[in-house]
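Reviewing the structure listed below.
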Amino acid sequence: MTNPIQAVRGMNDILPSETRLWQHVENMLQEVLHSYGYDEIRLPIVEKTELFKRTIGEATDIVEKEMYTFADRNDENLTLRPEGTAGCVRAGIEHGLLYNQVQRLWYHGSYFRYERPQKGRYRQFHQCGAEVFGVATPDADAELILLSARIFAKLGLGPYVTLQVNSLGSVEARSDYRKHLVDYLTTHQTQLDTDSQRRLTTNPLRILDSKNPAMQELIANAPKLTDHLDTESKEHFATLQHFLKNANIDFIVNPCLVRGLDYYTKTVFEWVTNELGAQGTVCAGGRYDGLVAQLGGKPTPALGFAIGMERLILMLQQVHKAPTRAHAHIYLMTDSDATFQKGLEIANALRDEFPRLCILQHTGGGNLKNQFKKADKSGARFAIIIGEQELANQTAAIKFLRETTPQQTVSWLEVPAFLSRHLEKHLVE
RNA sequence: GUGGAUGUAACUCAGUUGGUAGAGUCCCGGAUUGUGAUUCCGGUUGUCGCGGGUUCGAGCCCCGUCAUUCACCCCA
């Protein structure tokens with residue numbers, strides 16, 4: 001045997017034992033988003049590199065060292081998308097979706113970042129994102145957060161997540177604050193750890209987010225972003241909190257919450273959990289009022305969030321013990337070419353009659369004992385046996401695999417009626 | 001990019017100071033030539049991640065490498 005080729009590091013196969021759960025989560029997300037009036041948009045996986053450099057920020061880790069970037073055959077510089085907002089805004093501008101209108105969009109797909117894989121963090125990962133364009137007022141922020149809260153509630157994850165919110169203020173207020181913070185930190189430079197020394201020039205706001213216990217006192221005494229907010233942002237943030245309280249959404253204001261991407265303004269929020277080890281953020285988002293104009297569109301306020309699908313799935317697997325296997329409902333067995341042929345006919349007739357049923361017809365030969373073993377494993381409630389005897393009599397033997405009711409023999413024509421009598425209603429409607 | 005842990009059967013894992021590769025589950029056959037999940041009997045699991053080195057001899061010791069995993073960094 002030659003050496004088997006393995007998957008690329010950090011890029012995972014989602015196996016049949018997991019896809020049920022993925023489908024369940026995806027269906028639920030789609031349902032909730034639709035119920036809030038969001039429309040799906042499907043976007044390319046590859047964009048021009050320039051798009052991400054201009055939106056995410058040239059000095060961020062994502063752009064500096066985590067992008068899968070390559071030149072195509074025409075020497076165009078392209079990148080596998082590391083996040084969704086940039087492409088969504090690009091498409092919105094390109095197709096005139098953002099001009100003088102309110103637009104609610106959602107999307108779902110694969111993203112790529114070249115990082116060391118870890119629990120809840122992979123090189124190819126999946127996000128489900130939602131974006132709202134054209135609303136400047138904090139009611140949109142509130143609605144978006146409520147939508148995310150509904151998703152966690154519907155998945156039964158409410159008790160395991162907490163909502164953190166903060167406001168970064170306007171672009172001007174933020175850069176003003178940044179100056180104050182850098183001044184403060186520079187005077188205490190000797191107390192900074194090596195990571196923070198580096199961040200002092202690249203991304204000083206992130207120092208507030210440091211996990212190093214030795215840094216906490218220094219951070220606690222640092223100038224507060226809240227004290228440097230512009231009046232409009234303050235009011236915006238206050239109104240948002242008011243809406244959230246009245247909607248009975250629990251949240252905590254975390255003044256140290258700083259998102260990693262450059263384009264955020266005013267509201268930022270994260271849903272975090274303790275169930276995932278170091279990767280606690282399962283959903284994150286915020287407002288980015290400047291981005292549309294920055295990419296050449298008419299100035300348009302906007303906001304959105306993204307959910308990390310792998311993290312959501314990991315949480316569900318950890319918190320509930322979700323059944324993940326598909327169950328057959330009926331296992332159909334035969335014992336010769338002629339009976340197999342008849343079995344195909346009967347199975348297809350049943351599929352016409354009951355589209356929801358999963359009918360597994362045995363293939364691969366073997367005696368009946370063997371076939372019954374497989375039938376048992378399939379999870380089916382009924383085994384339908386078409387042997388030579390049944391073929392001659394135009395009947396089917398139907399055995400109850402999960403209860404002690406004795407096996408019955410019914411004519412071919414009566415099989416559908418038998419099943420509608422005995423199977424759960426939702427399967428045979 | 002940095003640090004720790006782990007790679008033995010399809011799966012979960014043993015493997016003694018270095019001396020012929022093990023168990024359970026699964027799978028297959030039989031007890032029951034047309035009836036499963038229980039029971040009993042029998043059987044197949046293998047480049048011990050890969051490549052070097054030390055040794056009479058390496059799953060075990062040494063070096064390298066790849067992968068997985070956890071954490072840092074960063075982020076969903």
Side-chain angles (χ1 to χ4, degrees), chain A residues 1-12 17 56 59-66 81-85 108-129 148 193-196 198-199 202-203 206-207 209-212 258-261 269-273 276-286 304-315 331 333-336 339 362 366-391 397-404 406-407 409:
Chain A
M1 203 163 61
T2 52
N3 289 343
I5 295 174
Q6 293 179 301
V8 175
R9 175 168 214 197
M11 306 206 178
N12 298 316
S17 57
I56 297 170
T60 58
D61 274 20
I62 293 180
V63 169
E64 273 185 353
K65 48 186 201 194
E66 294 178 359
R81 61 185 185 189
E83 61 102 42
T85 301
H108 170 254
S110 295
Y111 298 87
F112 303 84
R113 289 182 203 171
Y114 189 90
E115 305 175 273
R116 279 284 276 271
Q118 191 176 325
K119 183 175 189 178
R121 192 182 71 187
Y122 310 101
R123 288 186 174 178
Q124 176 175 357
F125 59 103
H126 297 81
Q127 288 188 343
C128 177
S148 62
D193 59 21
T194 45
D195 278 330
S196 299
R198 179 177 49 78
R199 282 184 285 205
T202 56
N203 196 348
R206 271 227 84 93
I207 296 175
D209 225 358
S210 172
K211 289 176 191 165
N212 188 344
V258 180
R259 313 280 4 284
L261 285 59
F269 66 94
E270 281 189 11
W271 288 91
V272 297
T273 178
L276 295 180
Q279 258 57 49
T281 303
V282 67
C283 169
F305 68 73
I307 293 173
M309 293 295 288
E310 279 81 1
R311 292 181 187 181
L312 198 61
I313 300 278
L314 278 169
M315 270 188 86
Y331 199 91
M333 51 186 73
T334 58
D335 62 357
S336 68
T339 53
H362 181 87
N367 55 27
L368 276 194
K369 175 196 173 79
N370 183 316
Q371 296 193 36
F372 268 103
K373 276 191 179 178
K374 300 253 164 69
D376 185 51
K377 285 214 164 63
S378 76
R381 192 160 155 223
F382 293 102
I384 298 183
I385 306 108
I386 313 286
E388 292 300 336
Q389 220 178 86
E390 286 79 11
L391 186 65
I398 303 181
K399 176 160 179 171
F400 293 77
L401 294 172
R402 309 290 156 204
E403 47 228 279
T404 50
Q407 179 172 317
T409 300

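Residue numbers begin at 1 in each chain, while the letters A, B, ... track the order of the sequences. Only heavy atoms go into these numbers, but all of them, side chains included; no hydrogens, no water, no symmetry mates.
With both ends at atom C1', the span from B/U55 to B/C63 equals 16 Å, rounded to whole Å. Distance noted for atom P between B/G30 and B/C48: 33 Å (whole Å). Nucleotides B/G59 and B/C50 are separated by 11 Å at their P atoms, to the nearest Å. Across B/G49 and B/U6, the matching P atoms stand 13 Å from one another, rounded to whole Å. Taking atom P on both B/C41 and B/A37, the two are 16 Å apart, rounded to the nearest angstrom. Between B/G51 and B/U17, the distance separating the two C1' atoms is 27 Å to the nearest Å. Here, B/G18 and B/C61 have their C1' atoms 8 Å apart, quoted to the whole Å. B/G7 and B/C62 have their P atoms separated by 14 Å, with the value rounded to a whole Å.
Between A/Lys377 and the phosphate of B/C27, there is a side-chain N or O to OP1/OP2 separation shorter than 4.0 Å. At B/C75, none of the side-chain N or O atoms of A/Arg116 fall inside 4.0 Å of OP1 or OP2 (strictly under the cut-off). Between B/C74 and A/Arg199, a contact under 4.0 Å exists linking OP1 or OP2 to a side-chain N or O. Distances shown here put a side-chain N or O of A/Gln118 below 4.0 Å from the OP1 or OP2 atom of B/C72. Residue A/Arg9 has a polar side-chain atom (N or O) positioned under 4.0 Å from OP1 or OP2 of B/U68.
Across all strands shown, B/G53 is found opposite B/C61 as a Watson-Crick or G-U wobble partner, with both distances under 3.5 Å. Nucleotide B/U45 forms a pair with no other nucleotide shown, judged by Watson-Crick or G-U wobble geometry with both contacts under 3.5 Å. For B/U2, the paired nucleotide is B/A71, the pair qualifying as Watson-Crick or G-U wobble because both relevant distances are below 3.5 Å. With a 3.5 Å ceiling on both atom-pair distances, the Watson-Crick or G-U wobble partner of B/G24 is B/C11.
Comparing A/Pro117 and A/Arg121 by the nucleotide of RNA chain B that holds the closest heavy atom to each, the one mapping nearer the 5' end is A/Pro117. Place A/Val8 and A/Thr281 on RNA chain B by their nearest nucleotides, and A/Val8 ends up nearer the 5' end.
There is a side-chain donor-acceptor pair under 3.5 Å between A/Ser336 and A/Glu388. Between the side chains of A/Gln118 and A/Gln279, at least one donor-acceptor pair of N or O atoms lies under 3.5 Å.
Nucleotide B/U33 holds its C1' atom 12 Å from the CG atom of A/Asp335, rounded to whole Å. One can place CD of A/Glu66 at 13 Å from P of B/C73, the figure rounded to the nearest angstrom. Taking atom NE2 on A/His126 and atom P on B/A76, their separation rounds to 17 Å, with Å as the unit. Atom CD1 of A/Ile384 is separated from atom P of B/G36 by 19 Å (rounded to the nearest Å). Per the geometry, CZ belonging to A/Phe112 stands 19 Å off C1' belonging to B/C74, to the nearest Å. Between the CG atom of A/Asn370 and the P atom of B/U32 there is a distance of 18 Å, rounded to whole Å. The distance from atom CG of A/Asp193 to atom C1' of B/U2 is 14 Å, rounded to the nearest whole Å. Rounded to whole Å, the distance from CZ on A/Arg402 to C1' on B/A37 is 7 Å.
Using a 4.0 Å heavy-atom criterion, one finds that A/Ala284 contacts the sugar-phosphate atoms exclusively. Using a 4.0 Å heavy-atom cutoff across all strands shown, A/Leu261 reaches sugar-phosphate atoms only and no base atom. A/Tyr114 comes within 4.0 angstrom of no nucleic acid atom, judged by non-hydrogen atoms across all strands. Contacts of A/Glu270 with the nucleic acid, taken as non-hydrogen atoms under 4.0 Å apart, are absent. At the heavy-atom level, A/Gln371 lies nowhere under 4.0 Å from the strands shown. Residue A/Gly10 is classed as a sugar-phosphate contact, given heavy-atom separations below 4.0 Å to backbone atoms only. At a threshold of 4.0 angstrom between heavy atoms, the contacts of A/Gly129 with the nucleic acid are absent. Within the nucleic acid shown, A/Glu83 has no heavy atom closer than 4.0 Å to any nucleic acid atom.
Residues A/Arg381 and A/Glu403 are in side-chain contact: their nearest non-hydrogen atoms beyond the backbone lie under 4.5 Å apart. Here the side chains of A/Tyr122 and A/Glu310 are in contact, with some heavy-atom distance below 4.5 Å. With a 4.5 Å cut-off on side-chain heavy atoms, A/Ile62 and A/Glu83 do not count as touching.
Here the side chain of A/Asp61 is nearest to one of B/C74, B/U35, B/C66, namely B/C74. Residue A/Asp376 places its side chain closer to B/A37 than to any other of B/C66, B/U35, B/A37. With B/G36, B/C75, B/G34 as the choices, the nucleotide that has an atom nearest any side-chain atom of A/Ala397 turns out to be B/G34. Comparing B/A71, B/G34, B/C75 by their nearest atom to the side chain of A/Ile385 picks out B/G34. The nucleotide whose nearest atom lies closest to any side-chain atom of A/Lys369 is, among B/G36, B/A76, B/G34, B/G36.
When atom types are taken as modelled, the side chain of A/Gln124 and the backbone of A/Gly10 share no donor-acceptor pair closer than 3.5 angstrom.
Judged by distance alone, with hydrogens and angles left aside, A/Lys119 brings no side-chain donor or acceptor close enough to the base of B/U69 to form a pair under 3.5 Å. The base of B/G1 is not paired with the side chain of A/Glu115 by any donor and acceptor separated by under 3.5 Å. A/Arg311 contributes a side-chain N or O that forms a donor-acceptor pair with the base of B/C75 under 3.5 Å.
With centres under 5.5 Å and a plane angle under 30°, the ring of A/Phe125 is stacked against the base of B/A76.
Smallest separation of non-hydrogen atoms from A/Thr281 and A/Val272: OG1-CG1, 3.9 Å.
Using bins of under 30°, 30° to 60° and over 60° for the plane-to-plane angle, the ring pair A/Tyr111/A/Phe125 lands in the tilted bin.
Proximity of the aromatic rings of A/Tyr331 and A/Phe382 is defined here by a centroid distance below 6.0 angstrom, and this criterion is not met.
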